[in-house]
Amino acid sequence: MKEVRTRFAPSPTGFMHLGGVRTALYNYLFAKKMGGKFILRIEDTDQERIVPGAVDVIYNTLRECGLNWDEGPDIGGDYGPYVQSDRKSLYLPYAKELVEKGAAYYCFCTKEELAERKAAAEAKGEVFKYDKHCLHLSKEEIQQKLDAGVPYVIRLNCPTEGESSYDDEVFGHISFPNSDLDDMVLIKADGMPTYNFANVIDDHLMGITHVMRGMEYLSSTPKYNILYRAFGWEIPTYVHLTTVMRDKEHKLSKRDGDAYYSDFIDKGYLKDALINYLALVGWNPGTDQEFFTMDELVQAFDVKRLNTSPGIFDVTKLDWMNSQYIAKMDFEDYLKMATPWFDKVLAGKNMDYRRLAELMQSRTDIFSRIPEKIAFLTDMPDYDTAIFFNKKQKSSEDVAKEVLPLLLPVLKGIGDWTEQNIHDAVMAKIPEWGKKNGAVLWPMRIAISGQESTPGGAFEIAYLLGKDETLRRMKASLEKLG
RNA sequence: GGCCCUGUGGUCAAGUGGCCUAAGACACCGCCCUUUCACGGCGGUAACUCGGGUUCGAAUCCCGGCAGGGUCACCA
């Protein structure tokens with residue numbers, strides 16, 4: 001059997017869209033699963049949209065995610081070059097070959113003329129399709145214009161009757177009326193090929209066996225097939241992927257800051273969690289397993305289990321998955337990653353980051369939410385004393401007023417301010433006071449944190465705050481209670 | 001608008017004519033654990049878009065409506 005070769009062919013726009021990462025992931029998984037090759041090709045045929053540094057974004061993202069390519073611009077391969085602008089001279093001869101065969105033709109219509117005709121068609125409520133105007137030029141006329149240096153494009157001569165169909169691995173049999181086919185441009189006036197053309201030429205030249213790409217290409221695929229057939233080339237297997245949506249009617253978008261890989265990394269998502277989750281948007285293993293390493297993904301991946309209905313990128317579920325990954329992280333790694341986020345509110349403070357990290361690891365879903373969770377350690381929130389009330393803990397404002405003054409001297413008397421010592425000192429007194437643990441610890445924690453819920457209990461918080469701050473807050477809360 | 005694709009709980013989804021009085025996960029709710037929260041454990045609410053067929057039997061097949069998405073560039 002022929003070696004499977006897949007490709008990821010992004011255009012360098014400066015960012016990696018999550019949908020693109022997923023496309024790359026599936027291409028990678030499938031190639032690896034089949035023992036084949038995963039190729040990276042840069043599609044930069046649109047000279048007007050070149051963004052400096054954009055190619056590096058692609059390299060970095062893919063590598064960071066572990067989607068290592070077997071052939072590509074930077075590492076080479078037997079089918080290079082892997083950047084379309086470096087292949088520029090390659091395409092025109094193929095287009096001319098098509099012209100020779102009568103499958104394509106020169107077109108001298110200017111953009112302005114086309115725009116006019118298009119406007120006219122739209123004014124009549126019709127859909128504009130190129131009218132094959134230049135198809136009927138005589139050989140002499142064409143040569144004359146060519147010699148005179150009139151700018152031209154080369155168009156594909158599409159059939160206008162009958163229908164085209166093909167089989168897609170995920171969508172099954174798809175057919176289109178040929179009357180809908182537009183004579184697409186193959187070579188642009190600047191001599192560059194269009195994406196549509198370069199894509200087909202390169203996929204063939206690079207021996208791509210499986211084309212996995214977004215389903216937005218579903219309806220242009222018949223035109224690609226016309227090209228393959230005109231050349232007498234073997235048509236690759238098509239695997240069209242559903243769109244990744246933000247919700248039922250919107251795609252992930254740049255404007256909402258939810259579209260790019262880097263957005264998520266900046267927000268404090270773990271790349272492994274992101275990849276794991278992304279793999280599951282539009283694909284499932286057919287089992288209940290939902291946590292996968294890259295190797296497991298390779299093992300489990302199956303094109304047959306790709307979904308036909310669009311998947312919604314559920315950030316809530318991603319958050320959960322991310323929190324699971326964080327919980328399982330090596331503690332030292334967590335500490336290292338959490339530190340900059342701790343710094344955002346605690347920089348300059350004398351705080352036990354290790355202890356804080358221990359408390360926070362199971363409470364972190366995404367790193368960017370750390371500051372809001374620990375802000376109270378820096379600034380005592382202005383709270384409502386009503387939160388001293390807690391039925392189950394047998395606490396109330398009155399209880400707080402009674403217990404806090406009792407606690408003060410006990411805490412004051414602790415020499416070495418360790419969590420253990422605070423714990424022992426307070427716990428020893430509670431029975432003497434005839435109170436339930438909750439009736440003492442709830443008021444204490446509220447008094448020093450000003451929050452109903454905190455990452456850690458009264459002892460942990462007191463320890464983190466330090467003796468002076470703890471006592472200061474206790475007194476302030478007592479005053480607040482009046 | 002033409003054409004193409006899609007339509008199971010709030011979300012992801014299993015399901016390929018009888019095993020479906022429809023699995024699992026997230027979210028939500030309740031209980032347990034616990035000095036709060038979180039983690040963890042247990043349990044619960046909640047779905048086959050609608051209408052016609054085909055069939056002994058339909059979430060599963062067919063047709064139509066409705067809804068959503070995609071596409072109709074010298075962008076990729």
Side-chain angles (χ1 to χ4, degrees), chain A residues 9-13 43-46 48-49 107 109-111 114-115 118 125-130 151-155 168 171-172 174-177 179-182 184-190 192-196 198-199 214-222 240 242-243 245 247-251 277 280-282 284 286-290 307-321 323-324 327 359-365 373 387 390 392-393 395 423 426-427 430 436-446 449 451-461:
Chain A
S11 56
T13 58
E43 311 225 326
D44 58 348
T45 53
D46 186 358
E48 288 170 22
R49 295 217 302 195
C107 170
C109 296
T110 64
K111 281 187 184 179
L114 257 17
K118 184 173 179 174
E126 289 168 8
V127 177
F128 177 72
K129 231 183 84 177
Y130 185 67
Y152 67 90
V153 301
I154 295 179
R155 286 180 184 274
D168 182 86
F171 288 98
I174 312 236
S175 65
F176 291 86
S179 53
D180 283 351
L181 265 26
D182 196 13
M184 64 175 181
V185 170
L186 268 21
I187 298 290
K188 298 187 263 193
D190 65 0
M192 283 295 254
T194 57
Y195 159 83
N196 296 308
N199 198 262
M215 67 172 286
E216 59 268 27
Y217 299 105
L218 215 47
S219 44
S220 36
T221 299
H240 284 100
T242 55
T243 314
M245 310 287 285
D247 57 47
K248 213 161 171 19
E249 50 251 12
H250 304 278
K251 294 209 260 190
Y277 179 67
L280 264 11
V281 178
N284 75 82
T287 65
D288 284 344
Q289 184 179 356
E290 37 186 9
N307 279 109
T308 48
S309 52
I312 296 178
F313 191 84
D314 183 1
V315 181
T316 308
K317 182 142 189 182
L318 204 218
D319 287 355
W320 167 78
M321 187 163 268
S323 73
Q324 297 289 311
L359 294 168
M360 288 300 293
Q361 188 164 4
S362 71
R363 286 167 240 256
T364 307
D365 49 1
K373 287 186 175 158
I387 64 173
N390 184 299
K392 202 180 154 203
Q393 304 301 333
S395 171
H423 173 273
V426 173
M427 292 307 272
I430 295 179
K436 303 270 283 179
N437 289 349
V440 174
L441 299 175
W442 179 275
M444 175 176 164
R445 195 176 52 80
I446 300 293
S449 71
Q451 292 183 173
E452 273 187 291
S453 70
T454 51
F459 304 129
E460 289 90 347
I461 304 301

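Within the nucleic acid shown, A/V153 comes within 4.0 Å of at least one base atom, counting heavy atoms only. Note on A/S175: only backbone sugar-phosphate atoms sit closer than 4.0 angstrom, heavy atoms only; bases stay farther off. Within 4.0 Å (heavy atoms only), A/Q393 reaches sugar-phosphate atoms of the nucleic acid but no base atom. Residue A/T454 is in base contact, counting any heavy-atom pair closer than 4.0 Å across all strands shown. If you check every strand for non-hydrogen atoms under 4.0 Å, A/N307 touches sugar and phosphate atoms only. Contact annotation for A/G456: base contact, defined as any heavy-atom pair under 4.0 Å involving a base atom. Backbone-only engagement by A/Q324 is indicated by non-hydrogen atom pairs under 4.0 Å involving sugar-phosphate atoms exclusively. A/L359 comes within 4.0 angstrom of no nucleic acid atom, judged by non-hydrogen atoms across all strands. Here A/K129 lies out of heavy-atom contact (under 4.0 Å) with every strand.
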With 3.5 Å as the limit, what N/O pairs link the protein to nucleotides 29-33 of chain B?
none

Identify each atom pair where a protein N or O and an N or O of nucleotides 63-65 of chain B are less than 3.5 Å apart, giving names and distance.
none

Between the protein and nucleotides 67-71 of chain B, which nitrogen or oxygen pairs are less than 3.5 angstrom apart?
{"unit_1": "B/G68", "atom_1": "O2'", "unit_2": "A/K248", "atom_2": "O", "d": "2.9"}
{"unit_1": "B/G69", "atom_1": "OP1", "unit_2": "A/E249", "atom_2": "O", "d": "3.1"}

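A salt bridge is defined here as a Lys NZ or Arg NE, NH1 or NH2 lying under 4.0 Å from an Asp or Glu carboxylate O, and A/E452 with A/R445 fails to meet this definition.
B/C74 atom P lies 12 Å from atom CG of A/D190, rounded to whole Å. Rounded to an integer number of Å, the gap from NZ of A/K317 to P of B/G24 is 13 Å.
Both A/D182 and A/Y195 lie near RNA chain B, and the one whose nearest nucleotide falls closer to the 5' end is A/D182. Taking the nucleotide of RNA chain B with the nearest heavy atom to each of A/D180 and A/E290, the more 5' of the two is matched to A/D180.
A close approach under 4.0 Å does not occur between any side-chain nitrogen or oxygen of A/N196 and OP1 or OP2 of B/C75.
If you check B/A23 for Watson-Crick or wobble pairing at under 3.5 angstrom, you find it has no partner at all.
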